[in-house]
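In this chain, residues are counted from 1 in sequence order.
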Amino acid sequence: MPKNIIKFSPVYSTMLLVGLVSLPHQVVAQEADNVERIQVTGSKIKRTDLETASPVSVISSADISASGITNVENLLQEMSFSAGVAGNASNAYWTNGGYGTAQVNLRGLGIKRTLVLLNGRRVVGGGTGANSSVDLNMIPTSMIERIEVLKDGASAVYGADAVAGVVNIITKKEFVGAELSAKAGITGEGDGESQDVSLTLGTDFDKGNIIVNLSYANTSAVRQSDRVACPKFGTEEGTFECFGSSTTEGGRALLADGTQVQFNQDPDTATNGDNYGPYNSANHSFAYLPYLNAVSPMQRLNLSSFANYQINDSLKLFIESSYSNRQGEQIVTPRNGFAGIKVGADFRYNPTGQDLEFLRRSNTELGAPYFFQETNTIRIVTGLTGLLSNGWEWDVSYNYGRNTGVDGWTFDIAPDRAAQTLDDSICTYDNSNGIPCGDWFGKNELSKEVIDYVKYRREGTGGNEMRTWSVNMNGYLLELPAGGLGFAVGAESRTEKGWRDPDSTVLRNGLEDPISGSYSVNEIFGELSVPLLADKQFVKLLSVELAARYSDYNTAGAETTYKMGLSWNVNDELMLRTVHSTAFRAPVITELFGGTNGENLRTIDPCENATGTIAANCLAAGVPVNFVQDGNTILTSVGGNPKLEPETATTTTMGIVWQPAFLEEFSATVDYFNIEIDDSITSVNGSDMLRLCYEDPIGNAKFCDTFDRHPVTHQVSELNQRPVNAAVEKVSGVDLNTMYKFTLFGLSSRASLDVTRLLTHESTPFRGQPTIDKVGYITEDQGSYTEWRSNFSYSVMADVWSATYSLRYIGSADDVNGSDLDPLGKSVGSVTYSDVSASWYFNDLTFSAGVDNIFDKNAPYLTSWNDANTDVMTYDLLGRRGYVRATYKF
């Protein structure tokens, strides 16, 4: 009978272990067999069957090697089940939100609803302070044995956060000898160089083994301007027009008489003999693409070790330890820092003779700053595993993780000091009091004294910490007519805290608030695997899986979740399975305790070029239509909400596993999934808030209170976006997986196909509000919710070489903000990417090479692009790129 494992917390561990160990050994007769039993993601009960009631996808180390990918994030996001955000969910292209972290988003339900485990245990959040998601950069791919992705809710087994599923990264535990691997890559344009070096050492000794890995990775930057000529929009005539940012060089201001003027970038073009003239976006817009990255430079150092020591025949000590250092930077646009600053008519450098209000100014005189991050993450897990005389297994472990980080800009502009240089009641023209008056009216007019006074290095710090005690036990309670009754029980006590300390200048100007918070949870769970029938007609095995977990949070109260699964092996060829489970997610630290933070987020104003009902409601509110919103981004206040409550979910999966006898080495699975989240914690994005307001200003009045417009220009000046418990989110679809191993022309071959068909992806912002179905649409900030997504792979293997062809398919989608005003970006056709790789084996040396996006597919244009005229979360911006790798074992 299978042996099982369970995990306990210190609160319950002694009582639970004593109670279980004291059971009579006669309860179960341990059968003497040599069949290996393993723990499959989604269950704490060890078993011989790899297929359970829950659907699990496995990515092996061979798959990782063949892909040529050197980070877990890109590997997972190319999978079809990452529907919704199958591109770059880490915001590596952006400076806001991602902070250079690498994250995964299953089913497009958000990174906070995907639980990431390392060897079945939790991992501390990663980033630069008060983060809720694991930074996948801390896990070197060279140490991965396999990745198991549970595409099912699993709160009853693993606790909160496992709403959309679980990603369990399993590392190599046994290795003898040494392996050195080096990889280098470059794009077809000759940029984006990357290097990756890994050294693995392992040995066995009298009572155990140890494995150590040292990895280093480095990626060079690629600018967006190296891939696209300019930001553009489509016209009704089906042509493209370039545009730039309205945060202009030289500065733009609103005069007292209501007109907008531009302080000319080129004084030779000044009108009326003065260094200013009417603002014209076509003439004065700022080319910002050279200040944005398509790929952000990053270097990463990882050190990890895994050790086991057999104390005696039934007791083993294990230690897992890892350290990761990540450094990254992204070039950002020249700082602004001037919006809303008012200047008197008598100020010496004011050429207009009128009172004015600065709207925007791109301060290129100071140069382009870089947004930088450095994080350090350590993780130590230590514990004991044991085997009782009745065959039950147990373990006790302590899991400690700590992440610290620093980030900021190489320089920024202090808004309060900038305002002082424009107030001659404070500043002096001869800098006699240390506060110089500034000539910000036109390009290259600033003195060094002004620049030195307003310029400062912006730097914030933060971190995350997790401490977990767990105790587990698993085994077989008794023998039933259809087989052994498997069980797993355990308890866990976990505390997590996060903090974020902004730069002192940022605090002084109210641009960001500090964050500090923590929570603790005590949990206990149980699981049963009950065989009901075996070896009957049409029933080789019929079994039920039951699990329940009680969780008590000091911030969110107590919650009980459960899982009920049924698996029916009709015969050796056919298995039917279904699971119904509940899940919940407690608010994380940033959602509860996050202070106000201003971020410039891309937002679409529905009053721009509005027609019909929206146009009428805009005009009724005093907002003109047929104007251009001031730039592509709007200052958005984000932060926490201490009144948040947990969100709950129900998940149902139903599937078929087929392994026909007439087609040896062929297998296929088809699984239907349905996830429904109630009281979901969400922040309605700015574009949706504005649209909902003007679609129905009375029924959606709460959204009309979330933003302000400038009284003269009518442009949105600030949005307030905080998390709330909304109504309902629903996701459903079908996953298909097939794999076939065969011989073709004397060569061993393997073909696999993964397909996901998204059926629904609905969200209702608040009860009584219209439901938004994202299926078949692509968004400006959440990626693509295309109906179809698939991956195909074909490999051939000979004695001294192997080769793989991979195909990634992203189905067509309509733009969520598409209209006839921009027919070119109204919809996006399907896109297919092809990758090839090959390896040659020379005794202890393996040489590999590969090319990704071999046909150099360009990223498609869409109306709601979030960068570089496309959706960088979904589509490949780099184009064709290749790599070579050498691995030597000694």
Participant: Should E647 and R113 count as an ion pair when the cut-off is N to O under 4.0 Å?
Facilitator: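 Here E647 pairs with R113 in a salt bridge, since their nearest N and O are under 4.0 Å apart.
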Participant: Let me see the working for S763 and E729 under side chain to side chain donor-acceptor pair (under 3.5 Å), right down to the final yes or no.
Facilitator: CA-CA 4 Å; S763 61; E729 292 189 47; 5.8 Å; no
Participant: Can you spot which of V731, T648, V163 makes a side chain to side chain contact (heavy atoms under 4.5 Å, CB included) with I677?
Facilitator: V163
Participant: Do you see a donor-acceptor pair shorter than 3.5 Å between the side chains of D754 and N737?
Facilitator: yes
Participant: Please name all residues satisfying ring-ring contact (aromatic ring centres under 6.0 Å, His included) with F584, sequence neighbours left out, ordered by chain then number.
Facilitator: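 ring-ring contact (aromatic ring centres under 6.0 Å, His included) list for F584, sorted by chain: Y553.
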Participant: Do Y519 and E496 have a side chain donor and acceptor closer than 3.5 Å?
Facilitator: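 Checked: Y519/E496 side chains pair up, N/O donor to acceptor below 3.5 Å.
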Participant: Would you verify whether the NZ or CZ of R107 falls within 45 degrees of the ring axis of F673 while also being under 6.0 Å from that six-membered ring's centre?
Facilitator: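 Yes, R107 lies over the aromatic ring of F673.
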Participant: Between the side chains of K730 and D773, is the shortest nitrogen-to-carboxylate-oxygen separation below 4.0 Å, so that they form an ion pair?
Facilitator: no
Participant: For a side chain to side chain contact (heavy atoms under 4.5 Å, CB included) check, start with the C-alpha distance between L546 and K563, then their side-chain angles and the critical distance, and finish with the verdict.
Facilitator: CA-CA 6 Å; L546 304 172; K563 165 190 169 182; over 6 Å; no
Participant: Are any non-hydrogen side-chain atoms of I170 and E148 less than 4.5 angstrom apart?
Facilitator: yes
Participant: Run the ring pair (Phe, Tyr, Trp, His ring centres under 6.0 Å) test on Y476 and W392 for me, step by step, so that the C-alpha distance in whole Å, both residues' side-chain angles and the decisive distance to 0.1 Å come before the verdict.
Facilitator: CA-CA 7 Å; Y476 278 73; W392 294 354; 10.0 Å; no
Participant: Just by distance, no angles: are the side chains of T651 and D152 close enough, under 3.5 Å, to form a donor-acceptor pair?
Facilitator: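 Judged by distance alone, the side chains do not pair up.
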Participant: Quick one about T760 and S732 (side-chain donor to acceptor, distance below 3.5 Å, no hydrogens or angles considered), yes or no?
Facilitator: yes
Participant: Answer yes or no: is there a side-chain heavy-atom contact under 4.5 Å between V728 and S680?
Facilitator: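 V728 does not reach S680 side chain to side chain.
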Participant: Under 6.0 Å from the ring centre and within 45 degrees of the ring axis: does the NZ or CZ of R757 meet both conditions for the six-membered ring of W788?
Facilitator: yes
